[in-house]
Chemist: 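Starting off with a structure, shown below.
Position 1 is the first residue of the sequence; numbering continues from there.
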Amino acid sequence: MAMSSTPNILLSLFSIHFLLSLVKINEAKVPAIIVFGDSSVDAGNNNYIPTIARSNFEPYGRDFNGGHPTGRFSNGKIATDFISQAFGLKGAIPAYLDPSYSISDFATGVTFASAGTGYDNATSNVLSVIPLWKELEYYKDYQTKLRANLGDGKANDIIKDALYMISIGTNDFLENYYAVPGRSSQYTIKEYENFLVGIAGNFTKALYDLGARKISLGGLPPMGCMPLERTGNLMGGSECVNSYNNLAAEFNSKLNDLVIKQNKELNGMDMVFSDPYGIMLDIIQKPAFYGFEVTGVACCATGMFEMGYACSRTNPFTCSDADKYVFWDSFHPTEKTNAIVANHVVQTSLAKFF
């Protein structure tokens with residue numbers, strides 16, 4: 001009986017409110033969190049563009065501030081919301097295209113991310129979402145509005161001292177390279193990795209040229225363990241697809257090399273590589289240690305393949321307690337998983353920015 005109580009103890013330790021203990025009010029160091037990427041960090045930008053890649057409906061957001069679907073692909077908060085809170089900023093980072101927010105709201109945090117996008121423009125075309133280059137254009141527009149609102153001096157301080165977070169890349173492989181014709185006939189997988197790393201380097205250099213100095217370049221999770229991929233792995237007994245996990249680890253190594261290279265080349269650049277791979281794999285391999293019960297399928301619907309509109313509020317199979325599940329839908333983590341991953345990133349790669 002003593003052993004069975006361990007997950008409950010750990011659940012309290014890793015509760016979604018744990019980051020309150022990490023809050024450090026230090027506005028002089030990081031006055032804002034500015035986010036680029038895909039559905040892992042989209043807080044609802046896709047609500048305002050013509051695409052099916054949306055989640056602004058129930059049961060998404062059922063645990064977010066009293067049950068409000070925002071466009072976050074989770075039952076509640078995403079990792080960047082918890083990271084913002086840990087830096088003593090607001091507890092939820094708003095989407096830039098959301099008209100209910102103003103530039104004064106965005107001054108302390110904003111996300112330009114778009115679910116379904118990738119480094120590769122061809123990836124954003126698959127679901128007609130915002131390409132990465134367009135996210136950068138929105139950021140330039142943000143800078144103009146920030147200067148008009150706060151004055152050049154204060155705006156420039158925010159731009160220089162803000163923490164820029166980038167979380168993108170999974171869709172390039174799973175929704176593009178391996179899913180639709182095109183890139184796989186042009187590139188070997190290793191060539192495609194290098195192609196994406198080149199885009200990543202151009203993007204971080206562009207941010208640097210626009211004044212960014214503190215940048216977190218995020219890696220890929222063990223994407224072969226997403227329920228969607230496990231469902232398709234019938235010959236492998238619905239276990240994690242090791243080839244996809246190995247690909248993610250290899251790509252992450254190349255991104256880390258890019259970070260080391262640009263820190264040497266760009267004067268004043270302070271970029272870190274934030275790696276979700278290890279902590280996510282540990283959660284999946286040792287769920288009870290983190291207070292989880294289910295890893296192979298997701299909470300929403302059957303948990304095998306549903307996400308987006310297939311994740312319906314009327315589905316009778318949707319779980320009642322998402323905290324028992326590592327994944328919310330077949331592609332995205334639950335709020336609790338996001339909190340644990342955020343805590344790991346805060347305590348490792350981002351610790352230097354406090």
Side-chain angles (χ1 to χ4, degrees), residues 37-47 49-64 68-80 95 111 113-118 123-130 167-180 220-234 238 240-241 244 248 276 280 283-284 292 294-320 322-338 341:
D38 56 22
S39 59
S40 60
V41 288
D42 183 1
N45 284 309
N46 278 19
N47 301 351
I49 63 172
T51 179
I52 61 167
R54 291 185 181 177
S55 59
N56 57 334
F57 47 84
E58 296 177 350
Y60 286 97
R62 74 180 191 190
D63 299 310
F64 183 89
H68 180 54
T70 59
R72 288 169 172 82
F73 280 77
S74 180
N75 60 303
K77 292 184 177 184
I78 51 180
T80 40
T111 179
S114 176
T117 201
T123 303
S124 61
N125 292 338
V126 175
L127 293 173
S128 301
V129 297
I130 303 168
S167 178
I168 194 168
T170 304
N171 296 315
D172 290 303
F173 297 103
L174 299 185
E175 302 300 312
N176 182 3
Y177 189 89
Y178 287 115
V180 298
L220 302 185
M223 55 191 185
C225 290
M226 292 174 174
L228 182 66
E229 306 310 322
R230 294 178 71 154
T231 298
N233 188 24
L234 297 177
S238 298
C240 295
V241 182
Y244 285 169
M280 278 294 296
I283 291 169
I284 292 163
F292 292 106
V294 185
T295 63
V297 297
C299 171
C300 186
T302 67
M304 298 173 68
F305 61 87
E306 296 92 348
M307 60 179 163
Y309 284 110
C311 183
S312 169
R313 69 173 179 172
T314 60
N315 193 293
F317 296 106
T318 297
C319 78
S320 59
D323 281 355
K324 295 178 181 178
Y325 287 71
V326 175
F327 290 94
W328 165 248
D329 65 17
S330 67
F331 215 78
H332 304 99
T334 57
E335 178 180 66
K336 180 181 168 185
T337 304
N338 284 328
V341 173

Chemist: Donor-acceptor pair, distance only, cut-off 3.5 Å: does the side chain of Ser55 make one with the backbone of Gly71?
Modeler: yes
Chemist: Do Ile284 and Phe327 pass the side chain to side chain contact (heavy atoms under 4.5 Å, CB included) test, and can you show the C-alpha distance, the side-chain angles, and the key distance before you say yes or no?
Modeler: CA-CA 10 Å; Ile284 292 163; Phe327 290 94; 4.2 Å; yes
Chemist: I'd like to know if the side chain of Thr51 reaches the main chain of Leu127, judged simply by a donor and an acceptor atom lying under 3.5 Å from each other, with no hydrogens or angles considered.
Modeler: yes
Chemist: Can you say whether the rings of Trp328 and Tyr60 are parallel (under 30°), tilted (30 to 60°) or perpendicular (over 60°)?
Modeler: perpendicular
Chemist: Between atom NE2 of His68 and atom CG of Asn56, what is the distance when rounded to the nearest 0.5 Å?
Modeler: 9.5 Å
Chemist: Rounded to the nearest 0.5 Å, what's the gap from CD on Glu229 to CG on Leu174? Could you check?
Modeler: 4.5 Å
Chemist: Ignoring hydrogens and angles, tell me if any N or O in the side chain of Arg230 forms a donor-acceptor pair with the backbone of Ser330 under 3.5 Å.
Modeler: no
Chemist: On a heavy-atom basis, which atom in Val297 and which in Thr302 lie closest, and how many Å separate them?
Modeler: CB-O, 4.1 Å
Chemist: Return yes when the gap between the SG atoms of Cys225 and Cys240 is under 2.5 Å; return no otherwise.
Modeler: yes
Chemist: Are Tyr178 and Phe173 close enough that their ring centres sit under 6.0 Å apart?
Modeler: no
Chemist: Given Ser114 and Asp42, is the side-chain hydrogen bond (donor to acceptor under 3.5 Å, both in side chains) satisfied, shown in steps?
Modeler: CA-CA 5 Å; Ser114 176; Asp42 183 1; 4.9 Å; no
Chemist: Can you see which heavy atom on Ile49 is nearest to which on Ser128, and at what distance?
Modeler: CD1-O, 4.0 Å
Chemist: Can Thr117 and Asp38 be counted as having a side-chain donor-acceptor contact under 3.5 angstrom?
Modeler: no
Chemist: Taking the side chain as every heavy atom from C-beta outward, state whether His332 and Asn338 have any atom pair closer than 4.5 Å.
Modeler: no
Chemist: Is the shortest side-chain heavy-atom distance between Pro221 and Thr170 below 4.5 Å?
Modeler: yes
Chemist: Is the closest side-chain heavy-atom distance between Cys300 and Pro59 below 4.5 Å?
Modeler: yes
Chemist: Okay, side chain of Ser39, backbone of Ala115: is any donor-acceptor separation there less than 3.5 Å?
Modeler: no
Chemist: So, taking the atom named CD in Glu306 and the one named CZ in Phe331, what distance separates them when rounded to the nearest 0.5 Å?
Modeler: 14.5 Å
Chemist: Going through the distances and angles, do Phe317 and Met304 end up as a side chain to side chain contact (heavy atoms under 4.5 Å, CB included)?
Modeler: CA-CA 11 Å; Phe317 296 106; Met304 298 173 68; over 6 Å; no
Chemist: Walk me through it: do Arg62 and Cys299 pass the test side chain to side chain contact (heavy atoms under 4.5 Å, CB included)?
Modeler: CA-CA 12 Å; Arg62 74 180 191 190; Cys299 171; 3.8 Å; yes
Chemist: Just how far is it from atom CE of Met226 to atom OG1 of Thr231, taken to the nearest 0.5 Å?
Modeler: 12.5 Å
Chemist: Counting C-beta onward and ignoring hydrogens, is there a side-chain heavy-atom pair between Lys336 and Ile283 closer than 4.5 Å?
Modeler: no
Chemist: Can you tell me if Asn46 uses its side chain to pair, donor with acceptor, with the backbone of Ala53 under 3.5 Å?
Modeler: yes
Chemist: Would you kindly say whether Ser74 and Arg72 are connected by a side-chain donor-acceptor distance under 3.5 Å?
Modeler: no
Chemist: Take Asn75 and Tyr325 through the test side chain to side chain contact (heavy atoms under 4.5 Å, CB included) and record every step on the way to the result.
Modeler: CA-CA 11 Å; Asn75 60 303; Tyr325 287 71; over 6 Å; no
Chemist: For Ile52, I'd like to know if atom CD1 has over 12 heavy atoms of other residues, nucleotides or ligands within 6.0 Å.
Modeler: no
Chemist: Can you list the residues that meet the side-chain hydrogen bond (donor to acceptor under 3.5 Å, both in side chains) rule with Asn176, with sequence neighbours excluded?
Modeler: Asp120, Thr123, Tyr192
Chemist: If only atom types and distance count, is the side chain of Thr111 paired as donor or acceptor with the main-chain N or O of Val41 below 3.5 Å?
Modeler: yes
Chemist: When you measure from the side chain of Thr337 to the backbone N and O of Val326, does any donor-acceptor pair fall under 3.5 Å?
Modeler: yes
